[in-house]
Amino acid sequence: MTCLECNKELGYVDHKNSMSSLGVELCSQHRIRMEKLRKQNGTPLEAIQLYYGLKEEGVSAMLEWWDGKKSVDIAISRVKLNIEIDCEYHMLTHEQAINDLEEAMHSFKNGFTTIRIPHVLIKYYLKETVHNIIGIMEGLRANIKAI
């Protein structure tokens with residue numbers, strides 16, 4: 001058991017605290033940092049789990065990246081991909097749908113593709129979600145080279 005951020009060996013207490021609060025293995029320093037980020041930005045727990053799932057697969061991503069208009073849950077700048085986690089997916093109103101569309105338009109105008117992922121996919125199918133995001137990245141990378 002090691003910290004996913006710094007590879008520091010984790011003791012039982014650090015492992016237990018991190019897994020119970022975030023669902024990922026982090027040392028106390030990085031767990032506290034992530035808990036502070038969640039509190040300040042309202043970062044979804046699943047965004048942190050997806051971030052570390054991508055990191056484990058060698059994907060260089062950024063958590064809570066500012067796109068000039070708003071904070072994006074996860075950004076993968078090399079392929080210009082923004083990932084938003086939908087935590088209230090079952091409660092989508094037409095106002096929220098329009099806002100989501102406008103945010104996607106803003107990102108697209110700046111050359112970024114935005115995908116929205118329901119939180120339940122990450123909660124129950126993290127590995128499959130990471131695999132599919134890597135596939136999306138490969139497609140975006142191929143299109144960037146083609147242009």
Side-chain angles (χ1 to χ4, degrees), residues 1-108 110-141:
M1 297 179 296
T2 60
C3 175
L4 294 173
E5 194 65 46
C6 66
N7 292 319
K8 177 182 170 186
E9 193 70 29
L10 296 180
Y12 174 77
V13 173
D14 282 339
H15 171 76
K16 184 179 179 201
N17 290 340
S18 184
M19 291 303 289
S20 66
S21 69
L22 298 171
V24 293
E25 293 180 331
L26 296 174
C27 65
S28 60
Q29 177 186 357
H30 288 109
R31 176 182 52 84
I32 290 167
R33 186 180 293 169
M34 286 297 141
E35 288 171 347
K36 184 178 178 182
L37 181 75
R38 285 195 71 208
K39 187 176 181 179
Q40 285 178 342
N41 295 37
T43 305
L45 178 63
E46 293 82 3
I48 292 170
Q49 293 169 346
L50 180 58
Y51 170 78
Y52 283 108
L54 290 165
K55 186 173 180 153
E56 282 185 297
E57 294 298 320
V59 175
S60 179
M62 295 173 286
L63 201 52
E64 291 299 337
W65 181 70
W66 183 255
D67 74 351
K69 184 179 177 188
K70 65 174 188 65
S71 186
V72 176
D73 290 332
I74 297 173
I76 305 170
S77 62
R78 290 186 183 189
V79 293
K80 296 189 171 193
L81 178 63
N82 291 338
I83 302 170
E84 291 288 348
I85 310 304
D86 279 334
C87 293
E88 298 175 12
Y89 193 71
H90 63 283
M91 299 171 62
L92 188 66
T93 64
H94 72 280
E95 290 95 354
Q96 185 61 46
I98 290 292
N99 287 338
D100 291 350
L101 189 57
E102 287 174 358
E103 289 173 4
M105 176 194 64
H106 173 73
S107 295
F108 198 73
N110 289 320
F112 280 78
T113 300
T114 299
I115 59 173
R116 301 189 76 80
I117 300 175
H119 74 287
V120 294
L121 277 183
I122 297 162
K123 185 175 182 178
Y124 297 110
Y125 303 102
L126 178 62
K127 294 284 185 199
E128 294 90 338
T129 303
V130 168
H131 175 76
N132 283 307
I133 290 171
I134 291 171
I136 291 167
M137 289 173 58
E138 290 168 357
L140 289 170
R141 195 174 290 121

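Below, each value reflects all heavy atoms present in this structure, side chains not excepted, and no hydrogens, waters or symmetry copies.
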Asks: In sequence, state the C-alpha distance, the side-chain angles, and the governing distance for Met137 and Arg78, and then conclude on side chain to side chain contact (heavy atoms under 4.5 Å, CB included).
Replies: CA-CA 9 Å; Met137 289 173 58; Arg78 290 186 183 189; over 6 Å; no
Asks: To the nearest 0.5 Å, tell me how far Lys123 NZ sits from Thr129 OG1.
Replies: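 Result: 13.5 Å between the selected atoms.
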Asks: Could you tell me which non-hydrogen atom of Phe112 sits nearest to which non-hydrogen atom of Ser77, and how far apart they are?
Replies: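 Minimum heavy-atom contact is CE2-CA, 4.4 Å.
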Asks: Got a second to check how far Ile85's CD1 is from Arg116's CZ, nearest 0.5 Å?
Replies: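 Going from the CD1 atom of Ile85 to the CZ atom of Arg116 covers 9.0 Å.
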Asks: For side chain to side chain contact (heavy atoms under 4.5 Å, CB included), just list the numbers for Leu10 and Cys27, CA-CA rounded to whole Å, side-chain angles, deciding distance to a tenth of an Å, and then say yes or no.
Replies: CA-CA 6 Å; Leu10 296 180; Cys27 65; 3.8 Å; yes
Asks: When rounded to the nearest 0.5 angstrom, what is the spacing between OG1 in Thr114 and CG in Asp67?
Replies: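 If we round to the nearest 0.5 Å, Thr114:OG1 and Asp67:CG are 7.5 Å apart.
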Asks: If you take all heavy atoms of Glu5 and Tyr52, which pair is closest and at what distance?
Replies: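 The pair with the smallest heavy-atom distance is OE1-OH, 2.6 Å.
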Asks: Evaluate Tyr12 against Met1 for side chain to side chain contact (heavy atoms under 4.5 Å, CB included), listing each step before the verdict.
Replies: CA-CA 9 Å; Tyr12 174 77; Met1 297 179 296; 5.6 Å; no
Asks: Are a donor atom and an acceptor atom from the side chains of Asp100 and Gln96 found within less than 3.5 Å of each other?
Replies: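 Per modelled atom types, Asp100 and Gln96 side chains form a pair under 3.5 Å.
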Asks: Please name the pair of heavy atoms, one in Ala47 and one in Asp73, separated by the smallest distance, quoted to 0.1 Å.
Replies: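 What the structure gives for the nearest pair is CB-CB, 4.2 Å.
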Asks: Can you check whether Leu54 reaches Ile76 side chain to side chain, under 4.5 Å on heavy atoms?
Replies: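 Side-chain contact under 4.5 Å: yes.
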Asks: Would you find a donor on one side and an acceptor on the other, under 3.5 Å apart, between the side chain of Gln49 and the backbone of Leu22?
Replies: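 Yes; at least one donor-acceptor contact below 3.5 Å.
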Asks: Quick one: CG on Leu4 to OG1 on Thr2, what's the gap to the nearest 0.5 Å?
Replies: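 Rounded to the nearest 0.5 Å, the CG-OG1 separation comes out at 6.5 Å.
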Asks: Is the shortest heavy-atom distance from the side chain of Leu50 to the side chain of Leu126 under 4.5 Å?
Replies: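 Yes, at least one pair of side-chain atoms sits under 4.5 Å.
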Asks: Kindly indicate, with the supporting measurements, whether the criterion side chain to side chain contact (heavy atoms under 4.5 Å, CB included) is fulfilled by Ile74 and Ile133.
Replies: CA-CA 12 Å; Ile74 297 173; Ile133 290 171; over 6 Å; no
Asks: Count the heavy atoms belonging to other residues, nucleotides or ligands that lie under 6.0 Å from NZ of Lys70, then report whether that count exceeds 12.
Replies: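 Count over threshold, so yes.
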Asks: Using 0.5 Å steps for rounding, measure from the CG atom of Leu81 to the CD1 atom of Ile115.
Replies: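 It comes to 5.0 Å.
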Asks: Look only at the side chain of Ser18 and the backbone of His15, and say whether a donor-acceptor pair between them is shorter than 3.5 Å.
Replies: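 No, the answer is negative, given that no donor and acceptor are paired below the 3.5 Å cut-off.
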Asks: Taking the side chain as every heavy atom from C-beta outward, state whether Val72 and Glu84 have any pair of such atoms under 4.5 Å apart.
Replies: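 Contact flag for Val72/Glu84 side chains = yes.
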Asks: Please list, one pair per line, the donor and acceptor atoms closer than 3.5 Å that link side chains of residues 34-45 to other protein atoms, with sequence neighbours excluded.
Replies:
unit_1: Glu35; atom_1: OE1; unit_2: Arg31; atom_2: NH1; d: 3.3
unit_1: Glu35; atom_1: OE2; unit_2: Ser21; atom_2: OG; d: 2.9
unit_1: Glu35; atom_1: OE2; unit_2: Arg31; atom_2: NH1; d: 3.4
unit_1: Arg38; atom_1: NE; unit_2: Thr43; atom_2: O; d: 3.1
unit_1: Thr43; atom_1: OG1; unit_2: Glu64; atom_2: OE2; d: 2.7

Asks: Other residues, nucleotides and ligands only: do more than 12 of their heavy atoms fall within 6.0 Å of NZ on Lys55?
Replies: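 Yes, the 6.0 Å shell around NZ holds more than 12 heavy atoms from other groups.
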Asks: Supply the atom-to-atom distance Ile48 CD1 to His30 NE2, rounded to the nearest 0.5 angstrom.
Replies: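 If we round to the nearest 0.5 Å, Ile48:CD1 and His30:NE2 are 12.5 Å apart.
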Asks: In plain terms, say whether Glu102 and Lys69 are close enough for a salt bridge, that is, a side-chain N and a carboxylate O under 4.0 Å apart.
Replies: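 No, this pair does not count.
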